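Treat the numbers as computed from the prediction; the structure is a model and nothing was measured. Computation of the quantities below employed the complete heavy-atom set of this structure, encompassing side-chain atoms and omitting hydrogens, waters and symmetry-equivalent molecules.
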Amino acid sequence: QVQLVESGGGLVQAGGSLRLSCAASGRTFSTYSMGWFRQAPGKEREFVVAMAWIGGTTYFADSVKGRFTVSRDNAKKTVYLQMNSLKPEDTAVYYCAASQYAAGLGTLSRYNYWGQGTQVTVSS
């Protein structure tokens, strides 16, 4: 069982930066791939970025490539999402998720555990 708690959301102007954190409970954090998804009002939840637990391979949605980075600290059981050059269209609730898989990480159904989400609002 893994519990996930996101933090770090808030209001930022376009062009600014935010760093989201996702703290996990459980003893096997290092064997879970971690992903970030987001959901804007009236839209479906969409993939943002993921890091596979095998090899640390990262995957990014085209919309965030070059602007967002992901990292994890297994000792702290925490994954981070650094968001730079934010745009108004990045406004959404951001969710972290844990997956037992190391592939297919762009798909919601590959994730076993989800956090409650944190709001990110980017003003123009």
Side-chain angles (χ1 to χ4, degrees):
Q1 188 78 9
V2 176
Q3 292 184 327
L4 304 171
V5 179
E6 302 98 334
S7 61
L11 174 64
V12 63
Q13 288 188 332
S17 298
L18 278 176
R19 189 177 80 154
L20 306 184
S21 300
C22 175
S25 65
R27 292 177 291 180
T28 58
F29 174 76
S30 62
T31 62
Y32 281 90
S33 298
M34 299 300 296
W36 288 93
F37 289 76
R38 65 187 182 186
Q39 188 166 17
K43 295 188 177 181
E44 294 185 350
R45 193 169 299 189
E46 66 175 8
F47 169 73
V48 177
V49 63
M51 176 179 280
W53 74 273
I54 297 175
T57 304
T58 54
Y59 306 90
F60 293 88
D62 289 342
S63 59
V64 305
K65 280 181 181 176
R67 300 189 297 124
F68 290 13
T69 59
V70 63
S71 61
R72 67 189 293 166
D73 185 332
N74 287 335
K76 294 183 178 180
K77 297 181 182 178
T78 301
V79 62
Y80 304 97
L81 178 64
Q82 178 66 45
M83 306 184 293
N84 300 324
S85 302
L86 283 162
K87 305 175 181 179
E89 51 264 44
D90 294 319
T91 295
V93 176
Y94 282 71
Y95 299 89
C96 74
S99 172
Q100 65 186 89
Y101 302 103
L105 296 175
T107 304
L108 275 73
S109 61
R110 299 290 276 181
Y111 291 84
N112 310 91
Y113 304 101
W114 293 83
Q116 82 290 348
T118 185
Q119 176 71 47
V120 171
T121 303
V122 184
S123 64
S124 57

> For the residue pair Met34 and Phe29, what are the closest heavy atoms and their distance?
Replying inline: SD-CE1, 3.8 Å
>> Could you report the tightest heavy-atom contact between Glu6 and Trp36, atom names first, then the distance?
In response: CG-CZ3, 4.0 Å
> Can you tell me how far CZ of Phe68 sits from OG of Ser17, rounded to the nearest 0.5 angstrom?
Replying inline: 9.5 Å
>> Nearest 0.5 Å, please: how far is CD in Glu46 from CZ in Arg38?
In response: 4.5 Å
> Pick from Val122, Val49, Val120, Asp90: which one makes a side chain to side chain contact (heavy atoms under 4.5 Å, CB included) with Met83?
Replying inline: Val120
> Any donor-acceptor pair under 3.5 Å linking the side chain of Arg110 with the backbone of Ala103?
Replying inline: yes
> Any chain of hydrophobic side-chain contacts (each under 4.5 Å) joining Leu18 to Phe60?
Replying inline: yes
> What is the distance from atom OH of Tyr94 to atom CZ of Arg45, rounded to the nearest 0.5 Å?
Replying inline: 13.0 Å
>> Please report whether the ring centroid of Phe37 lies less than 6.0 Å from that of Tyr111.
In response: yes
> So which heavy atom on Ala97 is nearest to which on Leu4, and how close?
Replying inline: CA-CD1, 3.7 Å
>> Measuring only between side-chain heavy atoms, which start at C-beta, is Tyr95 closer than 4.5 Å to Gln39?
In response: yes
> Is there a donor-acceptor pair closer than 3.5 Å between any side-chain N or O of Ser85 and the backbone N or O of Arg67?
Replying inline: no
>> Once rounded to the nearest 0.5 Å, what's the spacing between atom CD of Gln119 and atom OG1 of Thr91?
In response: 7.5 Å
>> Closer than 3.5 angstrom, by distance alone: can the side chain of Ser99 be matched with the main-chain N or O of Tyr101 as a donor-acceptor pair?
In response: yes
>> Rounded at 0.5 Å granularity, tell me how far NZ in Lys77 sits from CZ in Arg72.
In response: 12.0 Å
> How far does OH of Tyr80 sit from OG of Ser7, to the nearest 0.5 angstrom?
Replying inline: 9.0 Å
>> Starting from Val12, can I reach Val93 by hopping between I/L/V/M/F/W/Y residues whose side chains sit under 4.5 Å apart?
In response: no
> Is a salt bridge present between Lys65 and Asp62, judged by a nitrogen-to-oxygen distance below 4.0 Å?
Replying inline: yes
